[in-house]
Student: 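This is the structure, below, for whatever I ask next.
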Amino acid sequence: METWRGSVLVFLLLSLSLGVLAHGESGGRKHGYHSYSRSCPQAERIIRDTLSKHAGWDRTIPAGVLRLHFHDCFVDVSSFTRFKFWFSNFAGLQGCDGSILLDSTPTDGTKVEKLSLPNFMSARGFEMIEEAKQRLEAACPGVVSCADTLAIAARDSTVMLGGKYYQVPTGRYDGRVSSQERGNTLPSPFGDASALIQNFKERGLSVQDLVVLSGGHTLGTAGCATFSNRLDNFTKTGKPDPTINPRYLSHLRRQCPAPGSPNRVELDKGSEFVFDNSYYKNLARRNGVLTSDQVLNEDSRTSHYVKNFAHKQHDFLSQFAASMVKMGYIGWKNKHNGEIRRVCSMVNTH
Ligand code: HEM
Ligand SMILES: *[C@@H]1O[C@H](CO)[C@@H](O)[C@H](O)[C@H]1NC(C)=O
């Protein structure tokens with residue numbers, strides 16, 4: 001009994017210290033961190049060049065890549081918040097581990113994260129990551145993880161469109177698990193502020209992080225199905241969502257004449273390709289697209305951040321960089337519970 005208790009205590013202390021380290025400042029060579037400056041000095045340039053090439057072909061790619069990183073990080077770190085958050089460093093739970101990049105294999109029939117409702121037919125940018133990885137493997141075989149490749153490409157996606165540069169802490173290893181079911185633990189676009197706050201809290205992120213990171217919607221578009229419930233008979237009231245600006249409502253109705261319309265609408269009206277604070281200005285004018293966007297302006301726990309970012313672009317850009325670094329620590333894997341995948345869509349076969 002005593003030894004059992006003792007080992008539980010040691011385990012708890014160990015997970016505590018790992019948790020703290022995983023959230024500490026990067027820069028040095030602390031546990032789990034690794035800078036590619038010696039092991040693969042070309043890494044960041046390769047990733048940036050590959051992204052630029054793909055963005056040249058399709059200018060919507062940066063939005064897709066940014067969202068991929070968010071979705072990779074946010075799967076399943078559910079309940080028992082703190083404990084599980086630390087625990088996830090050991091146990092191979094999810095987090096930013098490249099799990100979203102994995103394909104199902106015909107032999108084992110695994111249903112992967114890619115197939116989950118929030119990702120299926122809408123997650124984009126896989127080819128860009130796969131090509132960067134091929135070039136990384138050619139330059140420095142077995143050194144740069146897919147999870148790091150995605151984190152760096154997401155940073156570059158924001159920077160190339162006007163976001164603030166930040167150093168991405170690197171040294172994450174790739175996970176070996178991907179699950180369709182866990183993909184459904186991503187926050188819902190139909191959620192209210194309480195649901196969103198709770199979802200972020202479960203991942204160790206604050207109310208401010210929620211509002212800041214939602215600013216990722218300064219880029220990209222959403223399909224009609226993700227918000228058309230707001231346009232008519234919202235929550236069975238027989239009326240549209242009262243928090244939509246009437247002029248914007250008629251615009252959205254034209255874009256989405258039927259709930260199943262295949263059209264897409266920019267998440268940041270008039271500024272889809274610039275990484276700026278106009279998303280918050282739009283929320284303040286009730287020009288938000290998703291319920292999960294507009295509620296940030298309507299709830300007193302979040303509205304003061306929206307107001308501030310709508311006025312102070314600089315605050316948004318620097319906070320966004322900081323919150324992205326924080327998000328990137330979720331479920332940080334190391335060589336004991338991860339691997340450096342050779343191909344991002346497949347786990348290694350040893
Ligand atoms: C707060 C909870 C969030 C919810 C409920 C949410 C939901 C959604 C939905 C429903 C779409 C449209 C998908 C489609 O129809 O194809 C979308 C797009 C997008 N989201 Fe989020 N999101 C959230 C947070 C974030 C965060 C934190 C980021 C990045 C930091 C992000 C980045 C993006 C981007 C860039 C797009 C556009 C993708 C594209 O154009 O392909 N989102 N989001
Ligand atoms: C709104 O939806 C509810 C439930 O589906 C339905 O009973 C009601 O008749 C609808 N109202 C209008 C105005 O369409």
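Atoms within a ligand are numbered from 1 in the order they appear, just like the ligands themselves. This one's a predicted model, so the numbers in the text were calculated from it and none came from an experiment.
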Student: Give the residue, atom name and distance (to 0.1 Å) of the protein heavy atom nearest atom 14 (C) of ligand 1.
Tutor: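 Going by distance alone, atom 14 (C) of ligand 1 is nearest to Arg264 NH2, 3.5 Å.
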
Student: Quick one: which ligand 1 atoms are inside 4.0 Å of a heavy atom on Pro189?
Tutor: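 Once the distances to Pro189 are compared, the set is 5 (C), 10 (C).
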
Student: Specify the protein heavy atom at minimum distance from atom 22 (N) of ligand 1: its residue, its atom name, and the distance to 0.1 Å.
Tutor: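 Here the nearest protein heavy atom works out to His217 NE2, 2.9 Å.
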
Student: Check whether Tyr248 forms a cation-pi arrangement with Arg285 (NZ or CZ under 6.0 Å from the six-membered ring centre, at most 45° off the ring normal).
Tutor: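 Not satisfied by the 6.0 Å and 45° rule.
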
Student: Please report which non-hydrogen protein atom sits nearest to atom 40 (O) of ligand 1, along with the residue it belongs to and the distance in Å to one decimal place.
Tutor: Thr221 N, 3.0 Å

Student: Do side-chain atoms of Gln319 reach the backbone of Val212 as a donor and acceptor pair under 3.5 angstrom?
Tutor: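 Not a single qualifying donor-acceptor pair exists.
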
Student: What atoms in ligand 1 come closer than 4.0 Å to a heavy atom of Leu213?
Tutor: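 Matching atoms, with element in brackets: 26 (C), 27 (C), 28 (C), 29 (C), 30 (C).
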
Student: Less than 6.0 Å separating the ring centroids of His314 and Phe316?
Tutor: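 No.
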
Student: What do you reckon, is CZ of Arg253 surrounded by more than 12 foreign heavy atoms closer than 6.0 Å?
Tutor: yes

Student: Which of the atoms of ligand 2 are close to Gly238, meaning less than 4.0 Å from one of its heavy atoms?
Tutor: 13 (C)

Student: Go through ligand 1 atom by atom and flag the ones less than 4.0 Å from a non-hydrogen atom of Ser214.
Tutor: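 Under 4.0 Å from Ser214, ligand 1 has these atoms: 1 (C).
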
Student: Just need the protein heavy atom nearest to atom 9 (C) of ligand 1, so name the residue and atom and give the distance.
Tutor: Leu290 CD1, 3.7 Å

Student: Okay, side chain of Asn282, backbone of Gly288: is any donor-acceptor separation there less than 3.5 Å?
Tutor: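 Checked: no pair found.
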
Student: Considering heavy atoms of the protein only, find what lies nearest to atom 2 (O) of ligand 2 and give residue, atom and distance to 0.1 Å.
Tutor: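 Answer, as residue, atom name and distance: Asn233 ND2, 2.4 Å.
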
Student: Can you establish whether the number of heavy atoms outside His311 located under 6.0 Å from its atom NE2 is more than 12?
Tutor: no

Student: Between the side chain of Arg172 and the main-chain N/O of Pro169, is any donor-acceptor distance below 3.5 Å?
Tutor: yes

Student: Which of the numbered atoms in ligand 1 are under 4.0 angstrom from any heavy atom belonging to Ser188?
Tutor: 5 (C)

Student: Where does Arg124 meet ligand 1, judged by heavy-atom distances below 4.0 Å: at the side chain, the backbone, both, or neither?
Tutor: side chain

Student: Looking only at protein heavy atoms, which one is nearest to atom 15 (O) of ligand 1, and how far off is it?
Tutor: Gly223 N, 2.8 Å

Student: Taking atom 11 (N) of ligand 2 as the reference point, report whether a protein heavy atom occurs under 4.0 Å from it.
Tutor: yes

Student: Under 4.0 Å from any heavy atom of Gly220, which atoms of ligand 1 are there?
Tutor: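 Close to Gly220: 37 (C), 40 (O).
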
Student: Hey, what's the ring geometry for Trp332 with Tyr329, parallel, tilted or perpendicular (30° and 60° as the breaks)?
Tutor: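 Correct class here is tilted.
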
Student: Decide whether a cation-pi geometry holds between Lys164 and Phe275; the criteria are a distance under 6.0 Å from NZ or CZ to the six-membered ring centre and an angle within 45° of the ring axis.
Tutor: no

Student: Considering Phe70, Phe227, Phe320, which one's heavy-atom position lies nearest to atom 25 (C) of ligand 1?
Tutor: Phe70

Student: Show your reasoning for whether side chain to side chain donor-acceptor pair (under 3.5 Å) applies to Ser261 and Asn263.
Tutor: CA-CA 5 Å; Ser261 306; Asn263 296 345; 5.3 Å; no

Student: Go through ligand 1 atom by atom and flag the ones less than 4.0 Å from a non-hydrogen atom of Leu219.
Tutor: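 Near Leu219, meaning under 4.0 Å from one of its heavy atoms, ligand 1 has 35 (C), 37 (C).
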
Student: What are the atoms of ligand 1, with element, lying closer than 4.0 Å to any heavy atom of Gly216?
Tutor: 35 (C)

Student: Taking 4.0 angstrom as the limit and counting only heavy atoms of Phe200, give me the atoms of ligand 1 inside it, by number and element.
Tutor: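 That gives atoms 1 (C) of ligand 1.
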
Student: Find all atoms of ligand 2 within a distance of less than 4.0 Å from any non-hydrogen atom belonging to Lys236, and give their numbers and elements.
Tutor: 4 (C)

Student: Given 3.5 Å as the limit, does a donor-acceptor pair link the side chain of Ser145 with the main chain of Asp174, or not?
Tutor: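 Pair absent, no side-chain N/O of Ser145 close to backbone of Asp174.
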
Student: At what distance is the nearest protein heavy atom to atom 2 (C) of ligand 1, and which residue and atom is it?
Tutor: Pro187 CG, 3.6 Å

Student: Compute the minimum heavy-atom distance from Leu267 to ligand 1 and say whether it is under 4.0 Å.
Tutor: yes

Student: For atom 35 (C) of ligand 1, which protein heavy atom lies nearest, and how many Å away is it?
Tutor: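 The closest heavy atom on the protein side is Ala63 O, 3.2 Å.
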
Student: Using the ring centroid of each side chain, check whether Phe320 and Tyr166 are separated by less than 6.0 Å.
Tutor: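 No, they do not, as the ring centres are separated by 6.0 Å or more.
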
Student: If you apply the rule side chain to side chain donor-acceptor pair (under 3.5 Å), what do you find for Glu130 with Gln134, and how did you get there?
Tutor: CA-CA 6 Å; Glu130 204 64 77; Gln134 274 166 23; 5.3 Å; no

Student: Look at atom 34 (C) of ligand 1 and say which protein heavy atom is nearest, naming residue and atom and giving the distance to 0.1 Å.
Tutor: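 Minimum-distance protein heavy atom for atom 34 (C) of ligand 1 reads Arg67 CB, 3.8 Å.
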
Student: Counting N and O atoms only, with roles assigned by atom type, does the side chain of Glu113 sit under 3.5 Å from a partner on the main chain of Val75, one being a donor and the other an acceptor?
Tutor: no

